[in-house]
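Heads up, the thing below is written out as structure tokens.
Both ligands and their constituent atoms are indexed starting at 1 by order of listing.
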Amino acid sequence: MNRLVVANWKMNMTGTQAFAFLDDFLAQPLPDGIDVAIAPPFTAIAQVGYRLRGSGIALAGQDMYWEQSGAFTGEISPPMLTDAGCTYVILGHSERRQYFGETDEGVNRKVRAALANGLTPIVCVGETGAERDAGEALARVIAQTRAALDGLGRDGASKVVMAYEPLWAIGTGKNCDADDADATMGAIRASVDGLQNVRILYGGSVKVENVAAYARKPNINGGLVGGASLDPAAFTALIRAVTQGT
Ligand code: PGA
């Protein structure tokens, strides 16, 4: 199974900036045997998708709604993502849960809609610093995983990508120790029938300096990268470091 590195641009990059990034990034040779995806903001997604055609780099949505179309002002549907060229969609990111009222039930509906539309969901789970300090980290991420995949069955669960992103590590520069992350991700893998062979990504202050340590761990199959994916040279170096670490 190839490792997967996903650039989560969050609310960064205008269309113009995205094109400048791609001019640089697509000129760099990338190592074989690693899958890469970019999740731009929705305003740039169709343009970026067009530019990525034939490049071998996949396109991902940062979120979506579960309905196919209709009167849902401000939302994006699964067919809109597939039409733009997406093969992945990030769901349940902690920033959606924290700031925009995303619930476990909503994540579950979105995961089902993604699979029904041929999109691979990248399902994010993670504990807060307070939950970790209280010794509740494992229980929290396992509960989130089970809720997100509820009712999918073994076959459905085997089609997702999971991402473990401890909230206290996102955008803080305080990345999770690789052994700790590996143990938690092993517990996520064991928590639902069907997850045994899926890819589980680590996210939270991943950088070129620390990514190889994660890539060596048996339960870590890649990274979900925010800040370090915004600069083409830094992101290219990070992708190369993943393969060098293994
Ligand atoms: P970060 O973000 O790499 O900036 O910590 C990761 C994420 O939230 O996906």
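Looking only at heavy atoms of the protein, atom 9 (O) of ligand 1 is closest to Glu165 OE2, 2.7 Å. The nearest protein atom to atom 3 (O) of ligand 1, hydrogens excluded, is given as Gly226 N, 2.9 Å; this is a heavy-atom distance. Among all non-hydrogen protein atoms, the one lying nearest atom 4 (O) of ligand 1 is Gly227 N, 2.9 Å. Here the heavy atom of the protein found nearest to atom 2 (O) of ligand 1 is Lys10 NZ, 3.2 Å.
In this structure, Gln62 contributes its side chain and Ala39 its backbone to a donor-acceptor pair below 3.5 Å. Remark: the backbone N or O of Asn2 is paired with a side-chain donor or acceptor of Arg199 at under 3.5 angstrom. Side chain of Glu67 to backbone of Phe72: no donor-acceptor contact under 3.5 angstrom is found. Panel note: side chain Arg154, backbone Asp193; no donor-acceptor pair is recorded below 3.5 Å. Using modelled atom types, one side-chain atom of Ser77 and one backbone atom of Gln68 make a donor-acceptor pair closer than 3.5 Å. Formation of a donor-acceptor pair under 3.5 Å by the Ser205 side chain with backbone atoms of Gly173 is found in this model.
In this structure, the separation between CD on Glu165 and NE2 on His93 is 4.0 Å, given to the nearest 0.5 Å.
Counting heavy atoms closer than 4.0 Å to ligand 1, residue Ile170 contributes atoms from both its backbone and its side chain.
Taking every heavy atom of Asn8 and a limit of under 4.0 angstrom, the matching atoms of ligand 1 come to 9 (O). Taking a cut-off of under 4.0 Å to the non-hydrogen atoms of Gly204, the atoms of ligand 1 that pass are 5 (O).
Within the 4.0 Å heavy-atom cutoff, Gly171 counts among the residues contacting ligand 1. By the 4.0 Å heavy-atom criterion, Ala228 is excluded from the residues contacting ligand 1.
Where the criterion is an N or O separation shorter than 3.5 Å, residue side chain and backbone included, Val225 fails it with respect to ligand 1. Polar contact check, Thr172 against ligand 1: no nitrogen or oxygen pair lies under 3.5 Å apart.
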Begin with the C-alpha distance, continue with both residues' side-chain angles, and end with the deciding distance and a verdict on side-chain contact (heavy atoms from CB on, under 4.5 Å) for Asp63 and Glu102. CA-CA 10 Å; Asp63 187 26; Glu102 184 83 275; 3.8 Å; yes
